[in-house]
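What follows is a set of notes on a single structure, which appears directly below.
What's counted below: heavy atoms across the whole structure, side chains too, no hydrogens, waters or symmetry copies.
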Amino acid sequence: MSRLNPRQQEAVHYISGPLLVLAGAGSGKTSVITRKIAYLIQHCGIRAQNIVAVTFTNKAAREMRERVATLVKGVEAKGLTVSTFHNLGLTIIRKEHARLGYKAGFSIFDEGDVKALVSDILHKEYAGDDSVEAIIQQIGQWKNDLILPEEALQQIRTPQERTAAAVYLQYQRTLKAYNAVDFDDLILQPVKLFQTHPDVLEKWQQRVRYLLVDEYQDTNASQYLLVKLLVQGRAHFTVVGDDDQSIYAWRGARPENLIQLQQDFPSLKVVKLEQNYRSTSRILQCANQLIANNPHVFEKQLWSDMGHGDPIRVIRCRNEEAECERIALEILTQHLRTGRPYNEVAILYRGNHQAKLLELKLQHHQIPYRLSGGTSFFARQEVKDLMSYFRLLVNPDDDNAFLRIINVPRREIGSSTLEKLSQYAQTRQISLYAACGELGLSTHLDSRFIERLQRFRHLMERVRYQCAQDDPIEALRDMVLDIDYENWVTQNSSSEKAAAFRMSNVWFLIEALKNTLEKDEEGGMTIEQAIAKLVLRDMLERQQEEQDGAEGVQLMTLHASKGLEFPSVYIMGMEEEILPHRSSIETDCVEEERRLAYVGITRARHQLTLTFAAKRKQYGEVFDCSHSRFIDELPQEHLQWEGQEEAPAEVKSARGNEALAGIRALLNRS
DNA sequence: CGTATGGATGTTTTT
DNA sequence: CATCCATACG
């Protein structure tokens with residue numbers, strides 16, 4: 001899309017004040033952002049190093065960077081920042097770590113580390129039946145809302161919150177002692193820093209002369225505050241978002257931030273992008289009519305001139321197995337008939353578990369597929385082990401990493417040794433790793449055990465020295481050989497094949513590190529920074545994509561599909577209790593589910609197929625299912641039902657009438 | 001330290 | 001029903 005439409009041009013050229021771009025699905029928002037960056041550099045005299053664009057995913061950031069690169073010359077784009085919120089926060093913390101009380105080389109805890117730590121604190125100090133998950137979630141909520149442990153303790157309302165707040169306090173202290181931050185801290189700490197140190201804030205405001213934010217509806221309270229602080233005073237910024245695609249409220253995202261913006265910046269200009277360049281008008285009419293059932297602050301109507309297209313098919317299947325079978329078979333015949341590649345097709349579903357049966361059926365018909373999501377690479381044991389080695393190398397205070405690998409592979413260091421080591425470390429207020437090297441240990445431990453600990457310490461010191469001396473990648477490879485990790489992996493794997501696979505993950509991780517270091521244009525990246533990038537899941541995704549860029553049907557959750565598009569889309573499990581998920585119905589949060597359906601529908605370019613099962617086996621019992629209320633909310637004249645004897649059963653009761661009223665309202669408007 | 005058994009759980013997860 | 005986790009036991 002080389003030419004911009006008038007709305008898009010307006011969005012690109014308006015730079016005199018705060019701007020909100022309401023970008024409907026498929027309306028070319030990435031083009032607007034990238035073109036605007038180019039415009040700022042080439043026509044507004046703003047230097048690239050003073051422009052910051054923020055996204056939520058590494059993928060989006062990468063895509064944006066690449067597209068800007070095609071628009072402006074390399075020299076002009078030098079110093080441009082396009083990064084995720086978390087990466088930006090990391091940059092800030094890294095530069096200001098001293099003021100925040102962190103030492104260089106601090107660790108970033110991922111959810112696995114967090115879980116281990118919280119569970120440890122909880123079980124050691126509190127004998128309740130509070131679930132670790134619930135406490136983690138509560139802590140996350142507090143952090144998103146910028147509530148520190150001390151404040152949390154003051155506003156407790158329930159016994160659960162009391163425990164959570166107490167754990168939170170301990171958790172935060174421990175993180176500090178480990179010289180570590182978690183994902184939420186990457187946003188929270190910069191905000192707290194800016195709030196208390198006006199001089200630091202001013203420095204960063206000078207640096208960020210123009211700010212662009214993508215997927216603005218997904219910002220949470222602390223992210224919004226970070227944005228607000230950075231643009232304070234000058235208010236030179238553009239945020240792009242779509243309230244109808246807000247599907248992460250359960251994770252702390254605040255779509256109200258869109259409205260808040262208008263209140264905080266009364267001079268805010270709003271530009272709507274309503275022309276869709278992706279889907280047929282039938283698909284868009286479905287999307288529009290569905291979402292019209294939600295309340296709106298900003299009215300919006302998507303349209304396109306891509307032609308009517310085919311009707312939307314609604315297929316009723318006997319049960320969940322028939323549903324998967326049907327989809328698989330149809331994709332297969334479609335592929336054979338038209339010769340179109342498999343990767344033009346996507347199958348979307350609400351929950352990851354729905355992919356299981358589907359996988360089976362696809363395998364049975366030998367249809368290649370790509371499954372995104374699921375158990376992540378970083379949840380693998382060997383990856384966690386190696387990452388812990390990396391982290392301990394960079395940050396000796398990281399007791400979490402220390403504990404994970406002190407006895408991996410076997411070093412005959414058991415729990416009683418660690419108990420005593422930990423006691424000693426506690427009294428001396430030092431890290432476990434540091435304690436290993438202290439002479440005073442001899443009063444607590446037998447020399448035999450001290451020797452084992454020191455052997456480990458020497459190993460790590462040697463690797464660290466080697467890293468600093470010459471090729472760090474080579475040093476890490478040597479380390480893996482040195483500790484004979486392969487032997488350990490082989491012993492702990494069920495088969496030869498499994499062991500080989502796990503070792504390949506190990507080498508892949510090191511390869512990713514190497515790549516990260518090499519691909520850094522400025523060349524100033526240290527091994528510490530490269531490791532941090534790994535933890536933030538940057539770089540690795542790209543490599544994985546490159547590696548298995550193989551063709552195949554794309555399987556993913558509706559959440560994961562946001563931002564993508566496919567010629568043909570199947571949405572399966574269009575049932576009550578699944579697509580409006582049961583818990584959402586119970587808690588009266590159907591609106592977000594509707595947006596989820598909206599996101600799914602608007603992924604399709606030409607073909608859209610909705611399927612549901614009449615019966616479904618659940619928890620060992622067979623249940624009758626009824627199709628999703630969202631199907632009733634679509635314009636019935638565009639639907640083509642299949643597998644159902646009688647027509648859609650004159651939409652029952654109040655719900656149907658409501659939908660009908662929605663249709664009339666839409667017709668009247670247009 | 002590794003395995004066996006029982007009990008709870010059953011959504012989505014950009015970093 | 002099936003899977004995952006924690007705990008207990010050998």
Task: P spacing across the pair C:dC4 / B:dT11, given as an integer number of angstrom - done: 12 Å
Task: Cationic N near anionic O, under 4.0 Å, A:D243 to A:R595 - done: no
Task: Aro-ring/base stack A:W250-B:dT12, d under 5.5 Å, angle under 30° - done: yes
Open item on the list: Would you measure the distance from the P atom in B:dT12 across to the matching atom in C:dT3 and give it in whole Å?
Closed with: 16 Å
Open item on the list: Could you tell me how far apart A:Q245 (CD) and B:dT14 (C1') are, to the nearest whole angstrom?
Closed with: 14 Å
Task: Pair A:E320 + A:R616, salt bridge at N-O below 4.0 Å - done: no
- [ ] Assert yes or no for the condition that the ring centre distance of A:Y248 to A:H559 is strictly below 6.0 Å.
- [x] yes
Task: A:H581 ring over B:dT11 six-membered base ring, under 5.5 Å and 30° - done: yes
Task: Boundaries of the chain A footprint along DNA chain C (any atom under 4.0 Å from a heavy atom) - done: C:dC1 to C:dT3
Task: Short N-O contact, A:E576 and A:R629, less than 4.0 angstrom - done: yes
- [ ] Taking only the side-chain nitrogens and oxygens of A:N220, find out if one of them lies under 4.0 Å from OP1 or OP2 of B:dT14.
- [x] no
Task: Residue mapping more 5' on DNA chain B - nearest nucleotide basis, A:R410 or A:T57 - done: A:R410
Open item on the list: I want to confirm an ordering. Mapping A:E592 and A:W488 to their closest nucleotides on DNA chain B, which one lands closer to the 5' end?
Closed with: A:W488
TODO: Salt-bridge test for A:R94 and A:E528: reply yes if a basic N is under 4.0 Å from a carboxylate O, no otherwise.
DONE: no
- [ ] Check if the side chain of A:T557 and the base of B:dT12 share a donor-acceptor pair of N or O atoms closer than 3.5 Å.
- [x] no
Task: Side-chain-base donor-acceptor pair under 3.5 Å for A:R251 and B:dT15 - done: yes
- [ ] Report the nucleotide, chosen from B:dT11, B:dT14, B:dT15, that has the shortest atom-to-atom distance to any side-chain atom of A:N58.
- [x] B:dT15
TODO: Determine, for A:D145 against A:R254, whether the closest basic-nitrogen to carboxylate-oxygen distance falls under 4.0 angstrom.
DONE: yes
Open item on the list: Under a 3.5 Å threshold, yes or no: a donor from one side chain and an acceptor from the other, between A:Q381 and A:R502?
Closed with: yes
Open item on the list: In this structure, how many angstroms lie between the P atom of B:dC1 and the CD1 atom of A:I406, rounded?
Closed with: 11 Å
